[in-house]
Amino acid sequence: MSYRCFKATIIALIAVICLCLGIGIWASIPRKNNVGDKSIYNGSSLYSIFNTKLIYDENTRVVYYWLHSGYMAPYYNEHGQLCRYVDGEITPIE
């Protein structure tokens, strides 16, 4: 292999590695929705409610309690009703 071919291969390899790392870093940035809540996982529809252990699904708006290590449980209010997060308010599902 000539020096010119070796040099081109190394430059191409470095470019591919930089591209892959750049895409990986970009994908790891949490998204925000229009309310300003940050997503829990990259690419997921689960968003945290500001400074609480409560999260909600962007599609269904159902509120969950964040336990640990990715586990969650449905959030029930003091009257035993499931709740939704609508327009910045936690409201019971009728």
Side-chain angles (χ1 to χ4, degrees):
M1 182 175 352
S2 69
Y3 177 72
R4 178 180 258 169
C5 184
F6 179 73
K7 184 178 174 182
T9 303
I10 295 299
I11 290 173
L13 184 62
I14 290 172
V16 167
I17 290 172
C18 289
L19 181 65
C20 289
L21 288 176
I23 291 172
I25 291 170
W26 181 257
S28 67
I29 298 172
R31 339 180 255 144
K32 286 187 176 182
N33 61 4
N34 57 357
V35 181
D37 298 324
K38 290 183 181 177
S39 66
I40 299 295
Y41 298 116
N42 304 324
S44 77
S45 62
L46 297 174
Y47 288 87
S48 62
I49 298 174
F50 183 72
N51 288 336
T52 65
K53 287 194 166 207
L54 298 177
I55 59 175
Y56 68 95
D57 185 285
E58 182 179 38
N59 301 321
T60 62
R61 300 282 183 194
V62 174
V63 178
Y64 298 95
Y65 185 77
W66 180 263
L67 298 172
H68 58 82
S69 303
Y71 294 102
M72 57 188 190
Y75 173 76
Y76 293 91
N77 66 5
E78 61 274 3
H79 303 291
Q81 299 170 303
L82 285 171
C83 295
R84 299 179 89 182
Y85 189 70
V86 180
D87 298 326
E89 299 281 329
I90 298 174
T91 59
I93 297 175
E94 300 292 326

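By convention here, the first residue in the shown sequence is residue 1. Bear in mind that the values here come from a model prediction, so they are computed numbers and not experimental data.
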CG/Leu54 to OH/Tyr65 distance, rounded to the nearest 0.5 angstrom? 7.5 Å
When rounded to the nearest 0.5 angstrom, what is the spacing between CG in Leu82 and OG1 in Thr60? 10.5 Å
Hey, quick one: are Ile11 and Tyr3 part of the same hydrophobic cluster, counting side-chain heavy atoms closer than 4.5 Å, chains of contacts allowed? no
Just by modelled atom types, is the Tyr56 backbone N or O under 3.5 Å from a matching donor or acceptor in the Arg61 side chain? no
Return the minimal non-hydrogen interatomic distance between Arg84 and Val63, and the atom names on each side. C-CG2, 3.6 Å
With sequence neighbours left out, what residues match Asp87 under side-chain contact (heavy atoms from CB on, under 4.5 Å)? none
Residues Ser48 and Ile55: closest non-hydrogen pair is CA-CG2, 3.8 Å
Could you tell me whether the side chain of Cys83 reaches within less than 4.5 Å of the side chain of Tyr85, counting heavy atoms only? no
Listed partners of Ile10 passing side-chain contact (heavy atoms from CB on, under 4.5 Å), at least two apart: Phe6, Ile14
